[in-house]
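To keep things clear, I will list the structure first and then write my remarks on it.
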Amino acid sequence: MTLSRRELSKMNIAGINSHCHDRGAGLLTLSLGEYRDYDAPAGGRLVVGLHPWDTEGWELQRLREELSVAISDSRVVAIGEVGIDPLRGAEVARQEELLREQLTMAIEAGMPVMFHIVRRYDILMRLHKEMRPVVAWGVHGFRGNEEVARQLVKAGIYISVGMKFNAEAVKLIPGELLLLETDELPEERIAEVVEKVAAERGESPEILAALARDNRARFLANRK
Ligand SMILES: [Zn+2]
């Protein structure tokens with residue numbers, strides 16, 4: 001089913017977008033460096049973490065100090081995006097060290113974590129096995145294949161899907177683990193993401209929108 005532009009603009013998009021860098025987003029993701037200088041409007045909620053691209057030159061001590069400040073801010077409801085990207089930032093071993101620190105702090109603070117993972121899902125799965133986190137984990141911008149999707153699902157990790165995705169993989173994500181996002185696109189474009197993903201999964205956009213909203217609330221409440 002395809003919605004017209006007018007129907008899309010009528011869709012209630014509040015509470016759906018799980019990962020967005022648009023300053024107008026209800027749930028805004030900021031890198032630690034951006035957070036320091038950001039004066040958030042009242043009522044907005046934030047996801048803050050050291051992005052893998054920014055890992056060059058960060059010492060563990062400084063990371064601990066700055067992330068502690070963010071964690072104690074009542075607007076900050078999750079840690080992210082954190083993860084591994086072999087194409088940018090510090091070398092992978094160093095990225096893993098900085099990631100571990102943030103994951104440990106998230107567990108201590110009882111906060112969910114949103115990941116940015118490029119290629120190295122093996123590291124994510126190894127950390128998951130080792131840490132057995134009681135907090136919720138989610139992977140944002142998922143474009144992996146069916147095999148990777150199956151591994152994440154088996155581990156109970158939420159999978160956030162945006163405008164571009166692997167159609168076969170997206171079809172096998174169980175309803176209760178699916179999140180939707182616009183990433184760098186404006187918040188309101190979430191209506192298009194809902195429509196695209198719904199068409200691929202053979203679901204109604206209205207039902208998928210409600211599901212994604214429920215899942216985001218559950219993710220942020222740290223339930224799996
Ligand atoms: Zn992002």
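Whatever order the structure lists ligands and atoms in, that order sets their numbers, starting from 1.
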For N/O/S atoms only: which one belongs to D183 and is nearest the Zn ion (ligand 1)? OD1
Is C20 close enough that one of its N/O/S atoms sits under 2.8 Å from the Zn ion (ligand 1)? no
When you check the gap from the basic side-chain N to the acidic O, do E65 and R62 get nearer than 4.0 Å? no
Does L178 reach the side chain of L208, with side-chain heavy atoms less than 4.5 Å apart? yes
Please state whether the separation between the Zn ion (ligand 1) and some N/O/S atom of E181 is under 2.8 Å? no
Indicate if the distance from the Zn ion (ligand 1) to the nearest N, O or S atom of H116 falls below 2.8 Å. no
Are the side chains of M163 and E181 in contact, using a 4.5 Å heavy-atom criterion? no
Salt bridge present between E96 and R100 (N-O < 4.0 angstrom): yes
Considering just N/O/S atoms, say which atom of E81 is closest to the Zn ion (ligand 1). OE2
Determine, for K171 against E168, whether the closest basic-nitrogen to carboxylate-oxygen distance falls under 4.0 angstrom. yes
Measure from the Zn ion (ligand 1) to each N, O or S atom of E184 and report whether any distance is below 2.8 Å. no
